[in-house]
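Here the structure comes first, spelled out in structure tokens, and everything after it is commentary.
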Amino acid sequence: MDLSLVLNTFTLLTLTTLSTPIIFPLLSDSLKNTPSTITNTVKASFLISLIPMTIHIHSGSESLITLWEWKFIMTFKIPISLKLDFYSLTFLPIALFVSWSILQFATWYMASDPHATKFFTYLLLFLIAMLTLIVANNLFVLFIGWEGVGVMSFLLISWWHGRAEANTAALQAILYNRVGDVGLILCLAWLAYTTNTWEIQQLNSPHQTPTLPLLGLILAATGKSAQFGLHPWLPAAMEGPTPVSALLHSSTMVVAGIFLLIRTHPLLSSNQTAMTTCLCLGALSTLFAATCALTQNDIKKIIAFSTSSQLGLMMVTIGLNLPQLAFLHISTHAFFKAMLFLCSGSIIHNLNGEQDIRKMGGLQKMLPTTTSCLTIGNLALMGTPFLAGFYSKDQIIECLNTSYLNSWALILTLLATSFTAVYTIRMTVLVQTGFTRIPPLTPMNENNPAITSPITRLALGSIMAGLLITSYITPTKTPPMTMPLSIKITALVITILGIIIALELSKLTQTLILTKQTPLYNFSTSLGYFNLLTHRLTTKTLLTGGQNIASHLVDLSWYKLLGPEGLANLQLTTTKTITTLHSGLIKAYLSSFALSLLIILMSAH
Amino acid sequence: FTASLLLGTTLTISSNHWIMAWAGLEINTLAILPMISKSHHPRAIEAATKYFLTQATASALLLFSSMINAWQTGQWDITQLTNPTSCLILTSAIAMKLGLVPFHFWFPEVLQGTPLTTGLLLSTLMKFPPITLLYMTSPSLNPTVLTSMAILSTALGGWMGLNQTQIRKILAFSSISHLGWMTIIISYNPKLTLLNFYLYALMTTATFLTLHSTKASKLSTLMTTWTKAPTLNAALLLTLLSLAGLPPLTGFLPKWLIIQELTKQDMA
């Protein structure tokens, strides 16, 4: 049995299975979709995708499938090809597993929605675009997937389009992503110009790559993965339904930027400036997001900020020249983040739309499955030893500590790690423990298997995934094995410190004292003033600049002052002066005649 | 009266002797005076008076210049005007007759006071003898004086015409600027002067006759002519544009040739 043939066939089968719910309704009127058919399709797809992954783990075989070559410029071919290597083959089953769980959850969450099938179709389209991005070998195909996920994100965030905040949030998402796309296009152009190819397997530079295209790539990742500078769209994207937040903005779309950097890693690794940029940007993002998450009161926003923070951590890993570790963190993060979102979705629906954690409490007794999975997810997020997050997060921090790089980035990341612990514990305490602050007549019920089975499945994944993935892959770079004890347990110590501080601080909330508005508190609550400063400032400058150019410069100056009207005005002054000279008095005329005659005669002599 | 006009013109054109030229000019002046003041309107009388005074002065100056020349050189031949003083005086006399700056002040008011057809005669036929005299004496005229008068005429004609509402005044100023164009080239290529004059006469005749048939004398009257005679209005548009000197129309031709000639003479 030719293993590579089986590998190729099953991967292609995965992708085609996913596209059947899109194609079949177009073929015949009787083959309509329902939410459950779409969920089952994704489940089948997941099961099929396990086979190529197993083959890869077993024999280390990778493959490159070229489907078609787009020859419209003879000297520059764009082969539409799929690269099935470790990254894509491992991420396919993970993405499909998480999507399956989310879709199953969504059958309960969106049950009361009149357009539920359209919602599921959108999610499926998004998934297809995401997978295109993952398996793409050609940066052009990747860009197609990139744009696809952007558009679907827009459509899904504004699902409840009657709500103004949802529309603005969707616009924000599109605009910030677009700014990032400029960077990607810059890099594509540079690549087409210098290396005459957009293939990923041909991307290697023995000498240093110039910094500009790499900065373009980093800009693209900043836009897509919400690093500091292009980050406001991610918390705003929580306006979409919870399955959307779970799928797009926790596990799949936001990692597209990081995935791009992983794919183009050979280009980045030789350029020290790009590496340092990644490092510092990532450190800044992770600390900023963690700071903002400390004072948030909306449960989805806390989880959104924690996503942002983890993305910063992934960026830091890229900056440390460890793409495989970043990928590991992507995979493990997908599990527990999706689960956290699903748990929060269950809580929100059960509390009849309440998202404020100050109005939840004591849910441990009322929603046991959900809250235990919430706890597991939070522990995994914090990096509790031997849960999924530990394998990736702890390793990242170890490598950070033992590297000879930027110590400022190190300090920021450690601080962010402790903040992670703080806000996670805060969320857990306020949601699950303590006495209840919910309205009395809330009928909550989590007996539906559509809720419990996805969440428990993902919980299982959160626990096992780290172990499974690290056991079966061989790292390409040797992880640091020996380090002093203090460095080894730094992550753990900081996390525990954070927990203690959070528990202490939460005791303060038992008393009824109003929180004082210190500057730090204001900074954290208003998301670092970033939204307030940039949103109005940049748009207003751009629009007024445009208006100035259009109306003032063109209309008023060119046309009125300098152009036609200006000329006319010039003539006007002269005309008026001369008209007054022509008085109509013959005596004046005759005397002027005589005068002129005299002048002529005089001048000639 | 028209017959006397024609007589006077012919006399001046075909003369070789200064006295004949002067006589012809006088006949012209006297013949057109009653035509100007036909309507017995105070404005018409005023126009006639102004016209008479200026033209008389001009004729007198003409006679003076020819007499000085005769005294100095002993001959009355028009083409042999050698005395510089007499040349200058002749230039100013003809300028006064034509209506070149700075001797132009009479022209707008006179034209305003006359009926349209007489105005036409004033602008075209009355210009003809002085232009002929200019043509005949062109080698001996002072270019500087002519150029400065011409430039001033062109500019002033344009500027003054902007601020008018009476059509006849506008036409007067247009004729002043056209005269400027004619004068500027006379010392280099007199044939172009004549060409310019003929074309100008043609265009002005067309304009005047059109305006006469629609009886429009003010700009506000002109606005409503489209209802009465639409095709004529459109034709008037084209004629006016031609007067202005826009390229595809005939009026552009003399302007272009004059400029070409001037650049050849390094006057630009």
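Nothing here was measured: the structure is a model prediction, and the numbers come from that model.
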List, with distances to 0.1 Å, the donor-acceptor pairs found between chain A and chain B - the cut-off being under 3.5 Å and no angle criterion applied.
residue  : atom : partner  : partner atom : Å
A:Gln571 : OE1  : B:Trp159 : NE1          : 2.5
A:Thr575 : OG1  : B:Trp159 : O            : 3.4
A:Thr579 : OG1  : B:Asn163 : ND2          : 3.0
A:His582 : NE2  : B:His104 : NE2          : 2.9
A:Gly584 : O    : B:Lys50  : NZ           : 3.0
A:Tyr589 : OH   : B:Glu109 : OE1          : 3.1
A:Tyr589 : OH   : B:Glu109 : OE2          : 2.7

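Contact of A:Leu590 with chain B is made through the side chain alone, with heavy-atom distances under 4.5 Å.
Taking a 6.0 Å sphere around CZ of B:Phe64, one finds it holds 12 or fewer heavy atoms contributed by other residues, nucleotides or ligands.
Looking at heavy atoms from C-beta onward, B:Leu88 lies out of side-chain contact with A:Leu597 at the 4.5 angstrom threshold.
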